[in-house]
Amino acid sequence: MNGAESLVHTLLACGVDTCFSNPGTSEMHFVAALDRIPGMRCVLALQENVVTGAADGYARMQDRPAATLLHCGPGLANGLANLHNARRARSPIVNLVGDQATHHRPLDAPLTADTEGWARPVSTWTRTAADAAAVGADCASAVQAARTAPGGIATLILPSDTCWDEGGVVGTARAVPTPAQAVPSAIDGAVRALRSGQPTVLILGGMALRAGALDVAGGIVAAVGTSARMMAQTSNARIERGAGRTPIDRVPYPVDQAVAALAGTVHLILVGAPAPVGFFAYPNKPGLMAPPGCEVHVLTRPEQDPADALARVAVALGATTAPKPAAVPRPEPARGEVTSEALAQTLCALLPEHAVVVDESVSFGRALYPGTHDAAPHDWLQITGGAIGCGIPLATGAAIGAPGRRVVGLQADGSAMYTLQGLWTQAREKLDVTTVILANRKYAILMGEYRGVGANPGRTALDMMDLGNPDLDWVRLANGMGVEAARADTMEAFAELFAQANARPGPFVIELVI
Ligand SMILES: Cc1ncc(C[n+]2csc(CCOP(=O)(O)OP(=O)(O)O)c2C)c(N)n1
Ligand SMILES: [Mg+2]
């Protein structure tokens with residue numbers, strides 16, 4: 001057995017059965033091993049940032065890692081922005097990077113690079129395999145590291161001789177530690193704050209945003225009364241929401257609105273989330289969104305079990321789970337002009353049961369999340385690290401990680417252009433993804449920021465923020481990658497296309513002109 005074969009056997013033995021890949025010469029022995037050993041679903045993506053974003057989307061839906069396969073330092077570097085987003089989402093990923101053979105490295109051939117150096121800042125675990133005999137055990141350690149709460153990116157770099165040399169040994173799966181429980185003093189601190197009667201906000205992140213934990217948190221807030229509220233972070237990996245589930249608002253993105261939302265807070269209780277900060281600094285605006293002097297209580301750190309901690313707080317307070325929100329009839333799809341509110345209404349009316357929504361809607365998205373609390377039950381996935389270009393890859397990986405569920409991408413056009421190759425993977429894999437391109441043909445958010453600094457954009461500034469001249473034609477771009485597509489410029493046309501797209505198998509793109 002060579003090292004590459006031991007790698008594939010070990011991945012399968014450790015429960016990793018999906019590999020998003022963009023291979024090169026140094027990975028040919030791994031590719032050959034995949035050919036010989038059945039059991040791994042291999043998904044080709046045509047740019048590495050699609051590979052890494054898809055692995056993130058898969059992990060968010062499966063709560064377990066897929067593998068990636070990337071080529072040398074530069075291949076890894078192409079995937080770094082979406083590894084950054086995945087790191088922020090705390091997604092487990094086994095990130096495999098082929099590299100120059102050990103004895104070839106000193107020759108400094110063109111693709112030789114500081115691969116470990118590029119990997120380390122996004123990885124919780126980084127290792128370069130020393131020889132073929134070590135690959136299996138290294139791989140088992142990588143899977144364990146990726147799966148250890150709260151989840152992380154484990155990068156295993158494989159010099160090509162470690163793959164082609166004989167002497168591979170299959171690694172045995174390593175036990176994944178169960179997430180630690182909150183310490184009693186953290187429970188007591190949260191209970192004391194909630195009992196104080198002073199304004200208290202629970203900030204939830206990570207696994208606290210799954211339906212069960214949200215019900216318990218909602219029950220705590222209901223039991224305490226008007227002094228307590230709960231909010232999610234601004235950007236979240238996955239929120240389980242929709243009709244019949246406990247709704248949760250998010251800390252708003254604009255600094256002034258975030259500060260207003262948290263004004264008067266005396267106790268901030270963090271449940272798997274950091275204290276909210278502004279996305280960016282602005283002159284004369286605060287960086288921390290909670291008021292100065294507000295007392296911060298850490299109920300659980302990200303690596304701890306939030307559901308257990310919330311349940312213990314609920315017992316201490318005698319709280320039961322949140323009362324189920326009253327059923328609200330679905331609205332009619334919106335008519336007329338295309339606005340964020342109208343799109344929210346149509347989503348509320350037509351979102352398929354158990355859809356997975358991938359939200360990279362940027363500026364047009366402001367009404368979409370608040371306006372869809374009563375849509376059919378669904379999951380809501382966001383861009384977690386602010387590195388745009390994650391939406392199409394995330395949707396691609398989520399569709400593979402959540403078979404049988406429709407994925408709906410709410411996709412700003414400028415961001416879509418970073419990784420539109422992902423549409424080709426959706427076509428090849430026949431994935432059930434409806435992508436709604438929000439075609440304002442601008443970097444609209446940047447125009448807003450520009451106006452925010454009090455300037456009126458001149459020709460040069462406009463040229464850097466306007467995507468027209470020429471307009472992108474999303475119907476032809478999608479068609480060119482094998483995905484059927486159509487354009488809508490009224491809400492009536494959109495509703496018709498959206499319903500049809502969601503009812504058919506495979507991917508579809510709707511260019512919504514806004
Ligand atoms: C990787 C990366 N590059 C650049 C940016 C800066 N940036 C933030 S938003 C944006 C434009 C977004 O345009 P679009 O996706 O069309 O959304 P819109 O603003 O039109 O709603 C850019 C370039 C970023 N956040 N991440
Ligand atoms: Mg745009």
Side-chain angles (χ1 to χ4, degrees), residues 47-54 56 76-89 118 121-122 234-235 252-255 277-282 338-344 347 357-371 381-395 408-423 435-453 457 460-475 477-478 487-489 494 509-514:
Q47 210 270 4
E48 290 86 348
N49 217 28
V50 179
V51 171
T52 53
D56 184 6
L76 168 65
N78 272 345
L80 282 179
N82 275 336
L83 286 174
H84 163 84
N85 286 321
R87 183 178 83 88
R88 292 283 180 196
W118 271 330
V122 293
T234 308
S235 310
Y253 175 90
V255 170
V277 299
F279 228 79
F280 294 107
Y282 297 89
V338 180
T339 63
S340 185
E341 290 72 17
L343 179 55
L347 290 173
V357 175
V358 175
D359 174 6
E360 194 176 30
S361 53
V362 193
S363 68
F364 197 72
R366 65 173 190 280
L368 303 183
Y369 180 89
L381 278 50
Q382 289 178 268
I383 169 173
T384 44
I388 59 172
C390 73
I392 292 174
L394 267 185
V408 173
L410 304 172
Q411 184 57 61
D413 54 356
S415 302
M417 280 305 290
Y418 286 64
T419 43
L420 77 169
Q421 302 92 327
L423 294 174
T435 302
V436 181
I437 298 286
L438 305 167
N440 56 12
R441 297 164 182 161
K442 291 181 192 63
Y443 287 165
I445 193 163
L446 299 188
M447 289 181 157
E449 296 279 343
Y450 197 82
R451 275 183 223 104
V453 301
T460 306
L462 266 183
D463 281 348
M464 284 190 279
M465 297 184 277
D466 180 61
L467 304 185
N469 184 31
D471 283 347
L472 295 158
D473 184 334
W474 278 98
V475 174
L477 289 169
R487 185 171 295 125
D489 48 20
F494 173 74
V509 166
I510 303 172
E511 178 176 344
L512 180 61
V513 180
I514 58 180

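Computation of the quantities below employed the complete heavy-atom set of this structure, encompassing side-chain atoms and omitting hydrogens, waters and symmetry-equivalent molecules. Start at 1 and go down the list; that is how both ligands and their atoms are numbered. Along the sequence shown, the residues carry numbers beginning at 1. Quick caveat, the model's predicted, so the values are computed rather than measured.
A donor-acceptor pair under 3.5 Å is absent between the side-chain atoms of N78 and the main chain of N49, judged by distance alone.
Under 4.0 angstrom from ligand 1, the non-hydrogen atoms of N440 all belong to its side chain.
A heavy-atom distance below 4.5 Å is not found between the side chains of L446 and M464. Side-chain contact check for I392 versus V50: every heavy-atom pair is 4.5 Å or farther apart. In this structure the side chain of L80 reaches within 4.5 angstrom of the side chain of L76, judged on heavy atoms.
For the residue pair R441 and D413, the shortest heavy atom distance occurs at N-OD2, 2.6 Å. The two residues G414 and Y443 have their closest heavy-atom pair at CA-CE2, 3.7 Å. Nearest heavy atom pair, residue V362 against residue A412, reads CG2-CB, 3.7 Å. When all heavy atoms are compared, the tightest approach of P457 to M465 is CB-CE, 4.4 Å.
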query: Hey, mind stepping through E449 and V453 against side chain to side chain contact (heavy atoms under 4.5 Å, CB included) and telling me if it holds?
result: CA-CA 7 Å; E449 296 279 343; V453 301; over 6 Å; no

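One of the N, O or S atoms belonging to N440 lies under 2.8 Å away from the Mg ion (ligand 2). When distances to the Mg ion (ligand 2) are checked against a cut-off of 2.8 Å, K442 contributes an N, O or S atom below that limit.
The option with the heavy atom closest to atom 14 (P) of ligand 1, from among G414, G365, A416, is G414. Among E449, K442, R441, the residue whose heavy atom lies closest to atom 20 (O) of ligand 1 is K442.
Among protein heavy atoms, the minimum distance from atom 7 (N) of ligand 1 is reached at I388 CD1, 3.9 Å. Atom 12 (C) of ligand 1 has as its closest protein heavy atom Y443 CD2, 3.8 Å. Nearest protein neighbour of atom 9 (S) of ligand 1, counting heavy atoms only, is I445 CG2, 3.4 Å. Atom 4 (C) of ligand 1 has its closest protein heavy atom at Y418 OH, 3.4 Å. Ranking protein heavy atoms by distance to atom 21 (O) of ligand 1, first place goes to S363 OG, 2.5 Å. Among all non-hydrogen protein atoms, the one lying nearest atom 25 (N) of ligand 1 is G386 O, 2.9 Å.
The ligand atoms of ligand 1 that sit less than 4.0 angstrom from a heavy atom of D413 are 16 (O).
Heavy atoms of G389 stay at 4.0 angstrom or farther from ligand 1. Under a 4.0 angstrom heavy-atom cut-off, A81 registers as lying outside contact with ligand 1.
Considering just the N/O/S atoms of D413, the one nearest the Mg ion (ligand 2) carries the name OD1.
Residue V362 places no N or O, backbone or side chain, under 3.5 Å from any N or O of ligand 1.
The residue from I510, T435, I437 that alone fulfils the side-chain contact (heavy atoms from CB on, under 4.5 Å) condition with W474 is I437.
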